[in-house]
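Start at 1 with the first residue, then count along the sequence.
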Amino acid sequence: MDPQSGLPRCYRHPEAETGIRCVRCDKPICPQCMISASVGFQCPDCVRNGSGTGHAAGANQPRTLVGGRVATDDRLVTKFLIGINLAVYLLVLVFGDRLVAELELIGYAYSPQLGEVIGVADGEWYRLLTATFLHQEVWHILFNVLGLWVIGGIVEPELGRVRYAALCLLAGLSGSVLAYLVAAQNQPSLGASGVVYGLIGAWVVLARHKRHDMRPVALFVALSLLMTFTRPGISWEAHVGGLVAGVLVTYALVHAPRARRDLVQYGACGLVLLLDLGLVLARSAALT
């Protein structure tokens, strides 16, 4: 109890005064902690433990648009991805071109830096993912980090952490796979642009589903694609692959029937992953 105001303080956040109490245990709860119930609000502990409601623990927890759990920090995965990109960029500044040669996406070619034949077709499948965190130019990483922060900040709260992380993984992988499939076998590719364009694709699906004005979204996508196909040195394959994967995965997440939501959502993610693996196997067989 605050002696000055006479209001109790939240049992989980002592700095927050509140006039709301849990309808089951009568503990004071602030707006950040209160969870809607059929009558009044419940505290996280009562929801987590069931408290005689007849439902499984967590059944009454608030959910995102696609069924994910609502988190206090709704940009946690985005921050984690940005942190990885920045950490790898710092390593590139320290170790230089040799590290780039070891991590960049390349099909099958001789590397002057490493003095040997390298590439995904040579069994270095890890390059399909490591390349998505790799940057050499400061403008490149700044552009991608900005895209992750702005668009990721829109998409992550709508999907929840697990589904959002799956989307980013599949968008980055699909962008690398299309680059591996279409680009010349000795053409290197790197950058988080596939993930960023996957988030753009997710944003399009979410905006349309929520009946937002699509004109600004369409203009942004058009300008992004124009930059992709008109500026030299950009891997359009990674952009398009990430964009398509982002649209497909998010469409499945949004339109999965509620009764079989998890099965349909994760099944769709698994199908995209299997398609990527099949394309990689086919391309590797062709190159070797």
Enquirer: Considering residues, nucleotides and ligands other than F95, do more than 12 of their heavy atoms fall under 6.0 Å from its CZ?
Expert: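 Open: at most 12 neighbouring heavy atoms sit under 6.0 Å from CZ of F95.
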Enquirer: Relative to each other, are the rings of H209 and H255 parallel, tilted or perpendicular (30° and 60° limits)?
Expert: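 If you compare the ring of H209 with that of H255, the planes turn out perpendicular.
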Enquirer: Just checking Y251: does its OH atom have more than 12 heavy atoms from other residues, nucleotides or ligands closer to it than 6.0 angstrom?
Expert: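 No - once you tally the heavy atoms of other residues, nucleotides and ligands closer than 6.0 Å, there are 12 at most.
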Enquirer: Checking salt bridge (Lys or Arg N to Asp or Glu O under 4.0 Å) for the pair E102/R127: CA distance, chi angles, key distance, verdict?
Expert: CA-CA 8 Å; E102 291 176 344; R127 292 177 179 273; over 6 Å; no
Enquirer: Between F41 and C22, is any pair of side-chain heavy atoms under 4.5 Å apart?
Expert: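 SC-SC contact between F41 and C22 ruled out.
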Enquirer: Would you check if there is a donor-acceptor pair between the side chains of Y164 and T78 at a distance under 3.5 Å?
Expert: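 Yes, because at least one side-chain N or O of T78 sits under 3.5 Å from a partner of the opposite role on Y164.
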Enquirer: On the six-membered ring of W125, is R283 placed so that its NZ or CZ lies under 6.0 angstrom from the centre and within 45° of the ring axis?
Expert: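 Geometry flag: not set, cation outside 6.0 Å or 45°.
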Enquirer: Check for me whether the distance between the ring centres of H135 and Y89 falls short of 6.0 Å.
Expert: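 No, they do not, as the ring centres are separated by 6.0 Å or more.
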Enquirer: When you measure from the side chain of Q265 to the backbone N and O of V66, does any donor-acceptor pair fall under 3.5 Å?
Expert: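 Pair found, side chain donor or acceptor close to backbone of V66.
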Enquirer: So, Y108 versus S284: side-chain donor-acceptor pair below 3.5 Å or not?
Expert: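 There is no such pair between these side chains.
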Enquirer: Indicate yes or no: at least one non-hydrogen side-chain atom of P257 is less than 4.5 angstrom from one of V264.
Expert: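 Yes, close enough: below the 4.5 Å cut-off.
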Enquirer: Given salt bridge (Lys or Arg N to Asp or Glu O under 4.0 Å), test E156 with R75 step by step and report yes or no.
Expert: CA-CA 6 Å; E156 185 174 353; R75 290 197 185 193; over 6 Å; no
Enquirer: Going by heavy atoms in the side chains, are Y180 and V280 under 4.5 Å from each other?
Expert: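 When only atoms from C-beta onward are counted, V280 and Y180 do touch, with a gap below 4.5 Å.
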Enquirer: In this structure, are over 12 heavy atoms from other groups packed under 6.0 Å from Y126 atom OH?
Expert: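 Yes, enclosed.
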Enquirer: Any side-chain heavy atom of Q32 within less than 4.5 Å of one from T72?
Expert: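 Side chain of Q32 against side chain of T72, heavy atoms only: contact under 4.5 Å found.
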Enquirer: Minimum heavy-atom separation for V217 to D213, with atom names?
Expert: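 Looks like CG2-O, 4.1 Å.
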Enquirer: Can you name the nearest heavy-atom pair linking D26 to R21, along with the distance?
Expert: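 D26 and R21 have their closest heavy atoms at O-NH1, 2.7 Å.
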Enquirer: If you define the side chain from C-beta out and look only at heavy atoms, does anything of L129 sit under 4.5 Å from S176?
Expert: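 Of all side-chain heavy-atom pairs linking S176 with L129, none is under 4.5 Å.
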Enquirer: Tell me, do P157 and T64 make a side-chain contact under 4.5 Å, heavy atoms counted?
Expert: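 When only atoms from C-beta onward are counted, T64 and P157 do not touch, as no gap falls below 4.5 Å.
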Enquirer: Do other residues, nucleotides or ligands put more than 12 heavy atoms under 6.0 Å from the CZ atom of R208?
Expert: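 Open: at most 12 neighbouring heavy atoms sit under 6.0 Å from CZ of R208.
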Enquirer: What closest approach, in Å, do G172 and T132 show between heavy atoms, and which atom pair accounts for it?
Expert: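 Between these two residues, the closest heavy atoms are O-CG2, 3.6 Å.
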Enquirer: I need the single residue from V254, I154, L253 that forms a side-chain contact (heavy atoms from CB on, under 4.5 Å) with L206. Which is it?
Expert: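 Result: among V254, I154, L253, V254 is the only option passing the side-chain contact (heavy atoms from CB on, under 4.5 Å) with L206.
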Enquirer: Apply the test salt bridge (Lys or Arg N to Asp or Glu O under 4.0 Å) to residues K27 and D45: give CA-CA distance (whole Å), side-chain angles for both, the deciding distance (0.1 Å), then the verdict.
Expert: CA-CA 10 Å; K27 288 185 292 191; D45 289 343; 3.2 Å; yes
